[in-house]
Amino acid sequence: MRETAPQRTAPARARAEIDLAALRANVRTLRGRAPGAALMAVVKADAYGHGALPCARAALEAGATWLGTATPEEALALRAAGIHGVRMMCWLWTPGGPWQEAIEADLDVSVSGMWALREVTEAARRAGTPARVQLKADTGLGRGGCQPGDDWAELVREALRAEGDGLIRITGLWSHFACADEPGHPSIAAQLDSFREMTAYAEERGARPEVRHIANSPATLTLPESHFDLVRTGIALYGVSPSPELGSPADLGLRPVMTLSASLALVKQVPGGHGVSYGHHYVTPGETTLGLVPLGYADGIPRHASGAGPVLVGGKWRTVAGRVAMDQFVVDLGGDEPEAGARAVLFGPGDGGEPTAEDWAQAAGTIGYEIVTRIGSRVPRVYVDGTR
Ligand SMILES: *Cc1c(COP(=O)(O)O)cnc(C)c1O
(Lines give C-alpha, C1' and ligand atoms only; values in the text may rest on other atoms or scores of the structure.)
Protein backbone atom coordinates (compact mmCIF):
# COMPACT_ATOMS: atom_id res chain seq x y z
CA MET A 1 0.00 0.00 0.00
CA ARG A 2 1.27 3.42 -0.94
CA GLU A 3 1.46 6.14 1.63
CA THR A 4 -0.35 9.34 0.83
CA ALA A 5 1.75 12.46 0.52
CA PRO A 6 1.96 14.40 3.77
CA GLN A 7 -0.66 17.12 3.91
CA ARG A 8 1.70 19.65 5.39
CA THR A 9 3.59 19.97 2.10
CA ALA A 10 0.47 21.39 0.48
CA PRO A 11 0.12 25.18 0.77
CA ALA A 12 -2.48 25.81 3.39
CA ARG A 13 -5.63 27.80 2.70
CA ALA A 14 -5.43 28.87 6.27
CA ARG A 15 -3.98 27.63 9.51
CA ALA A 16 -3.86 28.27 13.21
CA GLU A 17 -0.34 27.79 14.50
CA ILE A 18 -0.30 26.77 18.12
CA ASP A 19 2.93 27.54 19.92
CA LEU A 20 3.19 24.97 22.70
CA ALA A 21 6.40 26.56 24.03
CA ALA A 22 4.41 29.73 24.64
CA LEU A 23 1.72 27.73 26.42
CA ARG A 24 4.31 26.08 28.66
CA ALA A 25 5.85 29.47 29.43
CA ASN A 26 2.40 30.81 30.36
CA VAL A 27 1.84 27.88 32.72
CA ARG A 28 5.15 28.64 34.43
CA THR A 29 4.27 32.34 34.70
CA LEU A 30 0.91 31.52 36.25
CA ARG A 31 2.45 29.08 38.70
CA GLY A 32 4.78 31.87 39.73
CA ARG A 33 1.79 34.13 40.35
CA ALA A 34 0.14 31.53 42.60
CA PRO A 35 3.09 29.77 44.23
CA GLY A 36 1.07 28.31 47.11
CA ALA A 37 -1.62 26.75 44.95
CA ALA A 38 -1.83 23.89 42.49
CA LEU A 39 -2.68 24.83 38.91
CA MET A 40 -5.62 23.45 36.96
CA ALA A 41 -5.26 23.91 33.21
CA VAL A 42 -8.77 24.55 31.89
CA VAL A 43 -8.95 22.85 28.49
CA LYS A 44 -12.69 22.99 27.88
CA ALA A 45 -14.05 23.86 24.42
CA ASP A 46 -11.07 22.13 22.76
CA ALA A 47 -8.68 24.21 24.86
CA TYR A 48 -10.39 27.46 23.83
CA GLY A 49 -9.95 26.43 20.20
CA HIS A 50 -6.28 25.49 20.54
CA GLY A 51 -6.69 21.70 20.66
CA ALA A 52 -7.42 19.95 23.96
CA LEU A 53 -5.02 17.02 23.81
CA PRO A 54 -1.76 18.75 22.80
CA CYS A 55 -2.51 21.67 25.11
CA ALA A 56 -3.31 19.37 28.04
CA ARG A 57 -0.05 17.51 27.51
CA ALA A 58 1.98 20.72 27.26
CA ALA A 59 0.35 22.17 30.38
CA LEU A 60 1.14 19.02 32.35
CA GLU A 61 4.76 19.12 31.17
CA ALA A 62 5.01 22.66 32.53
CA GLY A 63 3.67 21.76 35.96
CA ALA A 64 -0.12 21.84 35.86
CA THR A 65 -1.38 19.06 38.15
CA TRP A 66 -5.08 19.27 37.34
CA LEU A 67 -7.08 19.48 34.13
CA GLY A 68 -10.52 21.04 33.97
CA THR A 69 -13.31 20.77 31.42
CA ALA A 70 -16.88 21.94 31.31
CA THR A 71 -18.59 18.75 30.16
CA PRO A 72 -17.95 15.18 31.27
CA GLU A 73 -17.63 14.18 27.61
CA GLU A 74 -14.65 16.49 27.20
CA ALA A 75 -12.90 14.97 30.21
CA LEU A 76 -13.74 11.39 29.19
CA ALA A 77 -12.28 12.06 25.73
CA LEU A 78 -8.99 13.14 27.30
CA ARG A 79 -8.87 9.97 29.38
CA ALA A 80 -9.67 7.89 26.29
CA ALA A 81 -6.80 9.63 24.49
CA GLY A 82 -4.42 8.44 27.18
CA ILE A 83 -4.27 11.22 29.77
CA HIS A 84 -4.02 9.26 33.02
CA GLY A 85 -2.43 9.78 36.40
CA VAL A 86 -3.59 13.37 36.68
CA ARG A 87 -6.62 14.77 38.45
CA MET A 88 -9.32 15.88 36.09
CA MET A 89 -12.49 17.75 36.96
CA CYS A 90 -15.63 18.53 34.96
CA TRP A 91 -18.48 20.71 36.14
CA LEU A 92 -21.30 21.04 33.62
CA TRP A 93 -23.73 18.21 34.28
CA THR A 94 -27.32 17.61 33.28
CA PRO A 95 -29.64 14.88 34.52
CA GLY A 96 -28.83 11.46 33.12
CA GLY A 97 -25.19 12.39 32.55
CA PRO A 98 -22.41 9.78 32.36
CA TRP A 99 -21.81 9.60 36.13
CA GLN A 100 -20.71 5.99 36.21
CA GLU A 101 -18.27 6.48 33.31
CA ALA A 102 -16.89 9.51 35.12
CA ILE A 103 -16.40 7.54 38.33
CA GLU A 104 -14.73 4.70 36.45
CA ALA A 105 -12.47 7.21 34.64
CA ASP A 106 -11.43 8.66 38.01
CA LEU A 107 -12.84 12.12 37.32
CA ASP A 108 -13.73 14.66 39.99
CA VAL A 109 -17.32 15.68 39.37
CA SER A 110 -19.06 18.85 40.45
CA VAL A 111 -22.34 18.76 42.31
CA SER A 112 -24.45 21.92 42.70
CA GLY A 113 -27.74 20.50 43.86
CA MET A 114 -29.68 17.56 45.21
CA TRP A 115 -30.62 15.98 41.86
CA ALA A 116 -26.93 15.65 41.01
CA LEU A 117 -26.02 14.26 44.41
CA ARG A 118 -28.72 11.61 44.07
CA GLU A 119 -27.56 10.61 40.58
CA VAL A 120 -23.87 10.44 41.51
CA THR A 121 -24.50 8.36 44.64
CA GLU A 122 -26.63 5.92 42.65
CA ALA A 123 -23.89 5.64 40.04
CA ALA A 124 -21.27 5.07 42.74
CA ARG A 125 -23.38 2.25 44.15
CA ARG A 126 -23.51 0.65 40.69
CA ALA A 127 -19.80 1.21 40.06
CA GLY A 128 -18.82 -0.12 43.49
CA THR A 129 -16.35 2.77 43.79
CA PRO A 130 -16.79 6.03 45.66
CA ALA A 131 -17.20 9.11 43.47
CA ARG A 132 -14.91 12.09 43.91
CA VAL A 133 -17.36 14.93 44.41
CA GLN A 134 -16.65 18.65 44.55
CA LEU A 135 -19.49 20.72 45.97
CA LYS A 136 -20.04 23.96 44.13
CA ALA A 137 -21.25 27.03 45.99
CA ASP A 138 -22.89 30.02 44.34
CA THR A 139 -21.10 32.79 46.23
CA GLY A 140 -22.70 35.46 44.06
CA LEU A 141 -22.12 34.70 40.38
CA GLY A 142 -25.79 33.86 39.98
CA ARG A 143 -25.19 31.04 37.51
CA GLY A 144 -24.30 27.47 38.55
CA GLY A 145 -23.68 26.43 42.13
CA CYS A 146 -25.71 25.88 45.26
CA GLN A 147 -27.32 28.87 46.96
CA PRO A 148 -26.11 29.71 50.47
CA GLY A 149 -28.48 29.12 53.39
CA ASP A 150 -30.91 26.22 53.48
CA ASP A 151 -29.89 24.82 50.08
CA TRP A 152 -26.21 24.65 51.05
CA ALA A 153 -27.07 23.21 54.48
CA GLU A 154 -29.10 20.40 52.87
CA LEU A 155 -26.49 19.68 50.18
CA VAL A 156 -23.65 19.55 52.72
CA ARG A 157 -25.66 17.38 55.13
CA GLU A 158 -26.64 14.88 52.45
CA ALA A 159 -23.17 14.82 50.90
CA LEU A 160 -21.64 14.07 54.30
CA ARG A 161 -24.20 11.32 54.76
CA ALA A 162 -23.23 9.80 51.39
CA GLU A 163 -19.58 10.11 52.36
CA GLY A 164 -20.32 8.30 55.62
CA ASP A 165 -21.97 5.55 53.56
CA GLY A 166 -18.78 5.21 51.50
CA LEU A 167 -20.47 6.30 48.27
CA ILE A 168 -18.66 9.58 47.68
CA ARG A 169 -15.59 11.46 48.84
CA ILE A 170 -15.96 15.21 49.16
CA THR A 171 -12.70 16.14 47.46
CA GLY A 172 -13.35 19.82 46.91
CA LEU A 173 -15.38 22.89 47.76
CA TRP A 174 -15.43 25.50 45.05
CA SER A 175 -17.01 28.51 43.44
CA HIS A 176 -16.60 30.93 40.53
CA PHE A 177 -16.26 34.73 40.27
CA ALA A 178 -18.59 37.10 38.45
CA CYS A 179 -16.32 40.15 38.06
CA ALA A 180 -12.72 39.08 38.67
CA ASP A 181 -11.75 40.88 35.45
CA GLU A 182 -12.79 44.20 37.03
CA PRO A 183 -10.32 44.66 39.90
CA GLY A 184 -11.93 46.46 42.84
CA HIS A 185 -15.47 45.50 41.86
CA PRO A 186 -17.38 45.22 45.17
CA SER A 187 -18.71 41.77 44.26
CA ILE A 188 -15.18 40.34 44.52
CA ALA A 189 -14.79 40.92 48.25
CA ALA A 190 -18.41 39.87 48.83
CA GLN A 191 -17.85 36.59 46.98
CA LEU A 192 -14.65 35.89 48.91
CA ASP A 193 -16.49 36.46 52.21
CA SER A 194 -19.29 34.18 51.12
CA PHE A 195 -16.81 31.52 49.96
CA ARG A 196 -15.03 31.57 53.32
CA GLU A 197 -18.36 31.25 55.15
CA MET A 198 -19.70 28.45 52.96
CA THR A 199 -16.47 26.42 53.10
CA ALA A 200 -16.20 26.95 56.87
CA TYR A 201 -19.79 25.76 57.29
CA ALA A 202 -19.03 22.51 55.45
CA GLU A 203 -15.72 21.98 57.24
CA GLU A 204 -17.23 22.58 60.67
CA ARG A 205 -19.69 19.80 59.91
CA GLY A 206 -16.92 17.39 58.92
CA ALA A 207 -16.06 17.96 55.27
CA ARG A 208 -12.34 17.45 54.62
CA PRO A 209 -11.81 18.75 51.07
CA GLU A 210 -8.43 18.30 49.44
CA VAL A 211 -8.92 21.54 47.53
CA ARG A 212 -10.86 24.75 47.93
CA HIS A 213 -10.83 26.95 44.84
CA ILE A 214 -12.45 29.98 43.29
CA ALA A 215 -9.81 31.75 41.13
CA ASN A 216 -10.03 31.91 37.34
CA SER A 217 -7.35 33.61 35.18
CA PRO A 218 -8.03 37.22 36.16
CA ALA A 219 -8.19 36.32 39.86
CA THR A 220 -4.99 34.28 39.55
CA LEU A 221 -3.26 37.31 38.04
CA THR A 222 -4.63 40.04 40.30
CA LEU A 223 -6.00 38.62 43.55
CA PRO A 224 -3.61 36.52 45.68
CA GLU A 225 -6.15 36.16 48.50
CA SER A 226 -8.35 34.19 46.10
CA HIS A 227 -5.81 31.46 45.34
CA PHE A 228 -6.62 29.02 48.20
CA ASP A 229 -5.40 25.50 47.27
CA LEU A 230 -5.91 25.56 43.51
CA VAL A 231 -6.29 28.08 40.68
CA ARG A 232 -8.30 27.28 37.55
CA THR A 233 -6.68 29.09 34.65
CA GLY A 234 -8.10 29.07 31.15
CA ILE A 235 -7.63 32.10 28.94
CA ALA A 236 -4.27 33.11 30.43
CA LEU A 237 -2.78 29.74 29.46
CA TYR A 238 -3.44 30.68 25.87
CA GLY A 239 -1.77 34.06 26.29
CA VAL A 240 -4.92 36.10 25.80
CA SER A 241 -5.69 38.90 28.24
CA PRO A 242 -8.87 38.32 30.27
CA SER A 243 -9.84 41.94 29.66
CA PRO A 244 -8.32 45.13 28.26
CA GLU A 245 -8.63 46.63 31.77
CA LEU A 246 -6.01 44.19 33.06
CA GLY A 247 -3.56 45.10 30.30
CA SER A 248 -2.11 43.40 27.27
CA PRO A 249 -0.75 39.86 27.38
CA ALA A 250 2.77 41.32 27.52
CA ASP A 251 1.78 43.52 30.50
CA LEU A 252 0.66 40.32 32.22
CA GLY A 253 3.80 38.38 31.31
CA LEU A 254 1.90 36.14 28.92
CA ARG A 255 2.61 35.08 25.36
CA PRO A 256 -0.20 34.52 22.83
CA VAL A 257 -0.28 30.91 21.70
CA MET A 258 -2.38 31.04 18.51
CA THR A 259 -1.40 32.69 15.21
CA LEU A 260 -4.16 32.65 12.59
CA SER A 261 -3.14 33.20 9.00
CA ALA A 262 -4.33 32.49 5.46
CA SER A 263 -2.98 32.52 1.93
CA LEU A 264 -4.51 35.20 -0.28
CA ALA A 265 -6.74 33.41 -2.77
CA LEU A 266 -6.77 36.27 -5.29
CA VAL A 267 -5.31 39.73 -5.80
CA LYS A 268 -6.91 41.92 -8.47
CA GLN A 269 -7.20 45.50 -9.64
CA VAL A 270 -10.57 47.17 -9.56
CA PRO A 271 -11.75 50.64 -10.55
CA GLY A 272 -13.01 53.27 -8.12
CA GLY A 273 -16.67 53.08 -7.14
CA HIS A 274 -16.66 49.25 -7.08
CA GLY A 275 -18.93 47.70 -4.46
CA VAL A 276 -17.28 44.97 -2.37
CA SER A 277 -18.89 41.85 -0.90
CA TYR A 278 -22.54 41.22 0.04
CA GLY A 279 -24.62 44.34 0.44
CA HIS A 280 -21.91 46.57 -1.05
CA HIS A 281 -21.20 48.09 2.37
CA TYR A 282 -17.75 49.03 1.10
CA VAL A 283 -17.22 50.89 -2.13
CA THR A 284 -13.66 51.45 -3.40
CA PRO A 285 -12.76 55.12 -3.03
CA GLY A 286 -10.63 55.02 -6.20
CA GLU A 287 -8.75 52.57 -8.38
CA THR A 288 -7.18 50.02 -6.06
CA THR A 289 -6.29 46.37 -5.50
CA LEU A 290 -8.33 43.89 -3.52
CA GLY A 291 -7.07 40.80 -1.73
CA LEU A 292 -9.33 37.82 -1.08
CA VAL A 293 -8.80 36.15 2.31
CA PRO A 294 -10.20 32.60 2.33
CA LEU A 295 -11.65 32.66 5.85
CA GLY A 296 -15.18 33.51 6.88
CA TYR A 297 -17.72 33.21 9.61
CA ALA A 298 -17.84 29.43 9.13
CA ASP A 299 -14.24 29.53 10.32
CA GLY A 300 -15.12 31.71 13.30
CA ILE A 301 -14.26 35.09 11.78
CA PRO A 302 -16.91 37.28 13.39
CA ARG A 303 -19.37 38.81 10.94
CA HIS A 304 -19.58 41.65 13.44
CA ALA A 305 -16.00 42.52 12.43
CA SER A 306 -17.21 43.42 8.91
CA GLY A 307 -15.59 46.69 7.91
CA ALA A 308 -13.38 46.62 11.00
CA GLY A 309 -11.21 43.51 11.51
CA PRO A 310 -7.45 44.08 11.00
CA VAL A 311 -5.15 41.91 8.86
CA LEU A 312 -1.40 42.15 8.26
CA VAL A 313 -0.50 41.78 4.57
CA GLY A 314 2.95 42.62 3.23
CA GLY A 315 3.92 44.46 6.40
CA LYS A 316 0.84 46.72 6.44
CA TRP A 317 -2.38 46.58 8.43
CA ARG A 318 -5.41 46.29 6.19
CA THR A 319 -9.04 46.27 7.23
CA VAL A 320 -11.86 43.93 6.28
CA ALA A 321 -13.61 45.69 3.37
CA GLY A 322 -17.35 45.16 3.51
CA ARG A 323 -19.00 42.11 4.94
CA VAL A 324 -17.36 38.95 6.21
CA ALA A 325 -19.01 36.11 4.27
CA MET A 326 -19.28 32.44 5.23
CA ASP A 327 -15.95 31.39 3.72
CA GLN A 328 -14.14 34.54 2.71
CA PHE A 329 -13.66 38.25 3.09
CA VAL A 330 -11.87 41.00 1.17
CA VAL A 331 -9.23 43.55 2.14
CA ASP A 332 -8.45 46.73 0.20
CA LEU A 333 -4.72 46.57 -0.52
CA GLY A 334 -4.56 50.20 -1.61
CA GLY A 335 -2.79 49.48 -4.89
CA ASP A 336 -0.21 47.04 -3.51
CA GLU A 337 0.05 43.88 -5.55
CA PRO A 338 1.23 40.95 -3.48
CA GLU A 339 1.11 37.60 -5.28
CA ALA A 340 -1.84 35.30 -4.78
CA GLY A 341 -0.71 32.99 -2.00
CA ALA A 342 0.86 35.83 0.01
CA ARG A 343 0.37 35.42 3.74
CA ALA A 344 -2.33 37.37 5.52
CA VAL A 345 -2.02 37.27 9.31
CA LEU A 346 -5.24 37.94 11.19
CA PHE A 347 -3.78 37.70 14.66
CA GLY A 348 -0.82 36.41 16.61
CA PRO A 349 1.52 37.50 19.39
CA GLY A 350 1.87 40.94 17.82
CA ASP A 351 5.63 41.15 17.78
CA GLY A 352 5.78 40.55 14.05
CA GLY A 353 3.59 43.62 13.60
CA GLU A 354 0.44 41.55 13.28
CA PRO A 355 -2.82 42.33 15.10
CA THR A 356 -3.74 40.37 18.22
CA ALA A 357 -6.86 38.49 19.28
CA GLU A 358 -7.61 41.50 21.50
CA ASP A 359 -7.63 43.73 18.38
CA TRP A 360 -10.19 41.43 16.75
CA ALA A 361 -12.24 41.40 19.94
CA GLN A 362 -12.36 45.17 19.88
CA ALA A 363 -13.27 45.20 16.17
CA ALA A 364 -16.12 42.76 16.76
CA GLY A 365 -17.39 44.15 20.08
CA THR A 366 -16.53 40.98 21.98
CA ILE A 367 -13.79 39.48 24.16
CA GLY A 368 -10.57 37.70 23.21
CA TYR A 369 -11.98 34.46 24.64
CA GLU A 370 -14.63 34.36 21.92
CA ILE A 371 -12.20 35.16 19.10
CA VAL A 372 -9.86 32.21 19.72
CA THR A 373 -12.50 29.75 20.93
CA ARG A 374 -14.71 30.09 17.85
CA ILE A 375 -12.00 29.40 15.27
CA GLY A 376 -13.67 26.56 13.42
CA SER A 377 -12.74 22.96 12.79
CA ARG A 378 -12.11 23.69 9.09
CA VAL A 379 -8.94 25.54 10.09
CA PRO A 380 -6.13 23.05 10.73
CA ARG A 381 -4.18 23.49 13.96
CA VAL A 382 -0.46 23.24 13.32
CA TYR A 383 1.63 22.63 16.42
CA VAL A 384 4.95 24.43 16.65
CA ASP A 385 7.34 24.79 19.51
CA GLY A 386 8.60 28.34 19.68
CA THR A 387 9.81 28.05 16.09
CA ARG A 388 7.14 30.22 14.56
C1 LIG B 1 -13.95 28.58 31.99
C2 LIG B 1 -13.82 28.45 33.44
C3 LIG B 1 -12.63 28.77 34.10
C4 LIG B 1 -11.47 29.43 33.40
O5 LIG B 1 -11.76 30.80 33.26
P6 LIG B 1 -10.68 31.79 32.60
O7 LIG B 1 -11.24 33.14 32.81
O8 LIG B 1 -10.60 31.41 31.16
O9 LIG B 1 -9.41 31.54 33.33
C10 LIG B 1 -12.53 28.51 35.45
N11 LIG B 1 -13.56 27.97 36.13
C12 LIG B 1 -14.73 27.67 35.54
C13 LIG B 1 -15.84 27.10 36.34
C14 LIG B 1 -14.92 27.91 34.18
O15 LIG B 1 -16.08 27.61 33.60
Side-chain angles (χ1 to χ4, degrees), residues 23 26-27 29-31 33-34 37-50 52 55-56 59 64-75 78 87-94 107-112 116 133-146 172-183 185 187-188 191-192 195 211-223 226-247 249 252-254 256-258 357-358 361 366-374:
L23 190 144
N26 295 334
V27 170
T29 297
L30 292 163
R31 288 179 67 207
R33 292 298 194 95
L39 186 135
M40 175 190 288
V42 178
V43 293
K44 63 188 179 186
D46 204 23
Y48 295 41
H50 294 67
C55 290
T65 52
W66 285 74
L67 296 173
T69 67
T71 69
E73 289 78 9
E74 292 173 309
L78 286 169
R87 298 293 286 276
M88 213 186 282
M89 175 176 174
C90 53
W91 45 78
L92 193 57
W93 287 86
T94 46
L107 304 182
D108 281 58
V109 302
S110 176
V111 162
S112 292
V133 170
Q134 302 214 12
L135 301 179
K136 183 175 190 190
D138 187 346
T139 55
L141 171 59
R143 201 178 66 179
C146 180
L173 300 172
W174 75 292
S175 189
H176 195 41
F177 279 117
C179 309
D181 56 344
E182 297 175 49
H185 192 286
S187 69
I188 295 172
Q191 282 198 258
L192 280 173
F195 188 60
V211 284
R212 295 155 304 155
H213 50 108
I214 187 170
N216 54 3
S217 292
T220 301
L221 290 164
T222 65
L223 203 64
S226 72
H227 293 170
F228 295 93
D229 308 308
L230 176 69
V231 294
R232 304 187 308 271
T233 54
I235 197 70
L237 296 177
Y238 309 107
V240 176
S241 173
S243 96
E245 248 185 77
L246 297 187
L252 299 168
L254 302 171
V257 171
M258 183 188 292
E358 287 82 358
T366 184
I367 53 178
Y369 292 74
E370 191 177 356
I371 297 299
V372 292
T373 303
R374 293 188 75 168

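We count ligands from 1, going down the list as the structure has it; atoms in each ligand are counted the same way. Below, each value reflects all heavy atoms present in this structure, side chains not excepted, and no hydrogens, waters or symmetry copies.
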Closest protein heavy atom (residue, atom, distance) for [atom]:
atom	result
atom 7 (O) of ligand 1	Tyr369 OH, 2.7 Å
atom 11 (N) of ligand 1	Arg232 NE, 2.9 Å
atom 9 (O) of ligand 1	Ser217 OG, 2.5 Å
atom 14 (C) of ligand 1	Lys44 NZ, 3.0 Å

Item to complete: Report yes or no: does Pro218 have a heavy atom closer than 4.0 Å to ligand 1?
Response: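 The answer is yes, since Pro218 has a heavy atom less than 4.0 Å from ligand 1.
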Discussion item. Tell me every residue that passes salt bridge (Lys or Arg N to Asp or Glu O under 4.0 Å) with Glu182, counting only those two or more places apart in sequence or in another chain.
Written reply: none
[Y] side chain reached by [X] side chain, heavy atoms, under 4.5 Å:
X	Y	value
Val42	Tyr48	yes
Ser112	Trp93	no
Leu39	Trp66	no

Give the numbers and elements of all ligand 1 atoms closer than 4.0 Å to a heavy atom of [X].
X	result
Tyr48	1 (C), 4 (C), 5 (O), 6 (P), 8 (O)
Ile235	6 (P), 8 (O), 9 (O)
Trp174	13 (C)
Trp91	12 (C), 13 (C), 14 (C), 15 (O)

Response to the item:
Residues at least two apart in sequence or cross-chain that pass side-chain hydrogen bond (donor to acceptor under 3.5 Å, both in side chains) with Thr71, listed by chain then number, are Glu74
Practice prompt. Please answer whether the main-chain N or O of Trp174 pairs with a side-chain N or O of Gln134 as donor and acceptor at a distance below 3.5 Å.
Written response: no
Worksheet item: ligand 1 and Ala236, any nitrogen or oxygen pair closer than 3.5 angstrom?
Response: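 For ligand 1, there is no N or O atom that lies under 3.5 Å from one belonging to Ala236.
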Item to complete: Starting at CG of Asp229, measure out to CZ of Arg212 and round the result to the nearest 0.5 Å.
Response: 4.5 Å
